[in-house]
Student: 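Below you will find the structure I want to go over with you.
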Amino acid sequence: MNTFVFPPHTIRGRLTVPGDKSISHRALMLGAIAEGETRIRGLAPGEDVRSTLSCLRQLGVSIQEQKGETVVQGCGVAGLQKPAGLLDAGNSGSTMRLLSGILATQPFTTTISGDASLCRRPMRRIIEPLTQMGATITAQANGCAPLTICGGKLRGIHYTLPVASAQVKSCLLFAGLGAEGETVVEEPLPTRDHTERLLRKMGYDLQMANGKIRLMPDSSTSSALVHSIRGRLRPSIASVFVPGDFSSAAFFLAAALLLPESELIIESVGLNPTRTAFLDFAKEMGAAIEIANIKNESYEPVADLVVRHQPLHGVNISGKRIPQLIDEIPILAILATQAEGETRIRDAKELRVKESDRIAALAYNLRAMGATVEELPDGLVITGPTRLHGAEIDSYGDHRIAMAFAIAGLLADSPTTIRGAECADISFPGFFEILRDVSRLAR
Ligand code: S3P
């Protein structure tokens, strides 16, 4: 499907974005291996989370929609059933990497695969540590999916992640839940900590200090997540609220910053500090984004964001905060085209192994729209401001590329076509409808 984006004059309004994708995957998976019932409010509606949901159902987990909640009947850490066929993770790296940690602890063999993009993404980063824990995993010769995971009794592991990845960290924590002995995961740089927060919310005692996360398998405080293998069965009911996805909100924050006379209020957005480095860099670029109605009482901080048009200037984006805005770099690159001076994005070579090679996709499409951009092995240098021209954009089947260039299209002097725009549904069904609504209000 091709979508055409026409430049509006300005955008205004109030909106909400779908539930956080990362938290949704984790809530479903932890709900599936908990004892008792987990009720999830605000589950992300996108295709990635649908992939997790259907894999878990194939593993024998009952998951139902009831009055706006998603109700998961947990099976216990070792209680999943061997699926009848292959598990399909679709386009979702989180589904494949996180679920593999759980599959590695089950006493059966499973094969998990995905679409062409997912089957190109690196999986050795989970295969190696899971193998050290005692699982047997086969993959393609290049270390990519399909993965056949022969699970069983695992040993805990002390592991330092070679790359900062919340998916790998979470995979190992999930495997550690079903392993004998202690699991300690050390991360080189802080990454999103939704798994740790949810584990704690569900009653699991884990320690976090100096970049190390220690799972305590003998913890007597473990309640919702019960180690059935150790005979402690304490059913409980957990209720999980999923805040709006900051990564989805970022597209609209950028649109309002860039279009003159714009003002948007985005309600109930998750503001976990391991996810919001975009706000800090936007501020450094000159943006004043107001945070209102902060609700800190929940296991994840939530607030409304108020954003108005503002002139921006270039900034250096690199170093240890990169993992905390990795998914926002595509939209930051669009901001950079309108900022005065140079924006340098470095230390971001992980972008090359996302749903697409995002560095190459950004460079190609930005050039097509007339931006001044230099591609680096680990980032981009963008010099602005430049008047963007409408162009035919290739989404490369990558949701964040499609949405970032839809926002770029709002700034262009002629219509833009986004090829394969339907991939926005992977994280944000309804993105183009909301974009049209807030644009139309100004006309
Ligand atoms: C995610 C972690 C990040 C992020 C992805 C979601 C998660 O990936 O890019 O969109 O939910 O843990 P990596 O762990 O590969 O950095």
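Residue numbers run from 1 in the order of the sequence given.
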Student: Could you check whether any side-chain heavy atom of Pro429 comes within less than 4.5 Å of a side-chain heavy atom of Pro45, counting everything from C-beta outward?
Tutor: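 When only atoms from C-beta onward are counted, Pro45 and Pro429 do touch, with a gap below 4.5 Å.
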Student: Would you find a donor on one side and an acceptor on the other, under 3.5 Å apart, between the side chain of Arg387 and the backbone of Asp413?
Tutor: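 Checked: no pair found.
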Student: I'd like to know if the side chain of Gln338 and the backbone of Thr386 have a donor-acceptor N/O pair within less than 3.5 Å.
Tutor: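 Present.
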Student: How far apart are the closest heavy atoms of Asn91 and Ser117, and which atoms are they?
Tutor: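 Nearest heavy atoms, Asn91 then Ser117: ND2-OG, 3.5 Å.
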Student: Would you check if Glu350 and Val163 make a side-chain contact, meaning some heavy-atom pair closer than 4.5 Å?
Tutor: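 SC-SC contact between Glu350 and Val163 confirmed.
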Student: Side chains of Asn365 and Asp394: donor-acceptor distance under 3.5 Å anywhere?
Tutor: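 There is no such pair (donor and acceptor under 3.5 Å, judged by atom type) between the side chains of Asn365 and Asp394.
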Student: Verify, without hydrogens or angle tests, whether Tyr299 (side chain) and Phe241 (backbone) share a donor-acceptor contact under 3.5 angstrom.
Tutor: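 Indeed, once roles are kept as given, a pair shorter than 3.5 Å links the two residues.
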Student: Side-chain contact test, heavy atoms from C-beta onward, threshold under 4.5 Å: evaluate it for Ile345 versus Ile359 and give yes or no.
Tutor: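 The answer is no; the side chains never approach within 4.5 Å.
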Student: Return the CD1 to CD distance between Ile322 and Glu328, rounded to the nearest 0.5 Å.
Tutor: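 That separation rounds to 11.0 Å.
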Student: Does the Asp20 side chain pair with the main chain of Val242, one donor and one acceptor, at a distance under 3.5 Å?
Tutor: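 Side chain of Asp20 to backbone of Val242: no pair is present.
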Student: Atom CG of Leu258 and atom CG of Leu335: how far apart are they, to the nearest 0.5 Å?
Tutor: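 These two atoms lie 5.0 Å from each other.
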Student: Answer with yes or no whether the side chains of Glu261 and His309 bring together a donor and an acceptor at under 3.5 Å.
Tutor: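 Checked: His309/Glu261 side chains show no N/O donor-acceptor pair below 3.5 Å.
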Student: Does the side chain of Met285 reach to within under 4.5 Å of the side chain of Leu332, using non-hydrogen atoms?
Tutor: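 Yes. Closest side-chain heavy atoms under 4.5 Å.
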Student: Using 30° and 60° as the class boundaries, would you call the ring planes of Tyr364 and Tyr396 parallel, tilted or perpendicular?
Tutor: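 The arrangement is perpendicular - the two ring planes meet at more than 60°.
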Student: Pairing donors with acceptors under 3.5 angstrom, does anything connect the side chains of Ser170 and Arg97?
Tutor: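 Not at all, the side chains of Ser170 and Arg97 share no donor-acceptor pair under 3.5 Å.
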Student: Ignoring hydrogens and angles, tell me if any N or O in the side chain of Ser262 forms a donor-acceptor pair with the backbone of Ile11 under 3.5 Å.
Tutor: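 Yes; judged by distance alone, with no hydrogens or angles, the pair exists.
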Student: Under 4.5 Å between any side-chain heavy atoms of Pro260 and Thr10, yes or no?
Tutor: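 Result no, sub-4.5 Å side-chain heavy-atom pair not found.
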Student: What I'd like to find out is whether the side chain of Leu172 reaches to under 4.5 Å of the side chain of Leu130, using heavy atoms alone.
Tutor: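 A side-chain contact under 4.5 Å exists here.
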Student: Give a yes-or-no answer on whether the side chains of Lys21 and Ser247 include a donor-acceptor pair shorter than 3.5 Å.
Tutor: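 There is no such pair (donor and acceptor under 3.5 Å, judged by atom type) between the side chains of Lys21 and Ser247.
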Student: Any chance the side chains of Thr52 and Thr95 put a donor and an acceptor closer than 3.5 Å?
Tutor: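 Yes, a side-chain donor-acceptor pair sits under 3.5 Å.
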Student: Does Glu69 use its side chain to pair, donor to acceptor, with the backbone of Ile40 at less than 3.5 Å?
Tutor: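 No, Glu69 side chain to Ile40 backbone: no donor-acceptor pair under 3.5 Å.
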Student: Got Leu30 and Val240 here, is their nearest side-chain heavy-atom distance under 4.5 Å?
Tutor: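 Contact flag for Leu30/Val240 side chains = no.
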Student: For Leu206, is there any backbone N or O sitting under 3.5 Å from a side-chain donor or acceptor partner on Arg200?
Tutor: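 A pair under 3.5 Å: yes.
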